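Everything numeric here is computed off the predicted structure, so don't read it as measured data. Basis for what follows: all heavy atoms, side chains included, without hydrogens, waters or symmetry-related copies. When a residue number appears, it is its place in the shown sequence, counting from 1.
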Amino acid sequence: MSTLQEDLKQLAAQLKVERDALHLQAHLLKLDLLDEWQKSEKKWEQLNQKLQRAGAEGVASGQEIGAAVKLLGEELKSAYQRINRQLKG
């Protein structure tokens with residue numbers, strides 16, 4: 001076998017190892033993003049439920065619920081920013 005053929009065969013083997021590693025990393029990133037998304041969806045549902053409850057219960061409990069909604073909103077904002085950074089990074 002010529003040196004060129006050996007070099008090309010070695011290059012292909014190295015590229016396959018790198019490709020397989022990148023594929024695994026992409027898969028793991030996808031799983032991380034999916035987990036983060038699912039967690040943020042639960043918080044989104046909680047936020048909407050609290051908003052509906054605040055509207056139904058009026059001003060008396062609105063302040064208490066408002067604080068909880070604000071906290072959930074901040075958590076969601078952070079989660080969406082993490083997801084966005086991972087997608088861009």
Using residues 40-48 as the side-chain source, report each donor-acceptor pair under 3.5 Å to any protein atom, sequence neighbours left out, with the distance given to one decimal.
residue	atom	partner	partner atom	Å
S40	OG	E36	O	3.4
S40	OG	W37	O	2.8
K43	NZ	E75	OE1	3.1
N48	ND2	W44	O	3.3

Across all chains, not counting sequence neighbours, the salt bridge (Lys or Arg N to Asp or Glu O under 4.0 Å) partners of D7 are none

What residues, two or more places apart in sequence or in another chain, satisfy salt bridge (Lys or Arg N to Asp or Glu O under 4.0 Å) together with K30?
none

Enumerate donor-acceptor pairs with a distance under 3.5 Å from any side-chain N or O in residues 12-23 to protein atoms, sequence neighbours excluded.
residue	atom	partner	partner atom	Å
K16	NZ	D20	OD2	2.8

Contacts of Q81 meeting side chain to side chain contact (heavy atoms under 4.5 Å, CB included) (sequence neighbours excluded), chain-then-number -> K77, R85

The side chain to side chain contact (heavy atoms under 4.5 Å, CB included) partners of L33 (sequence neighbours excluded) come to L29, I83, Q86, L87

Going from NE2 on H27 to CG on D32, what distance comes out if it is rounded to the nearest 0.5 angstrom?
10.0 Å

Show which residues join L4 in its hydrophobic cluster (side-chain heavy-atom contacts under 4.5 Å, direct or indirect), or state none.
L8

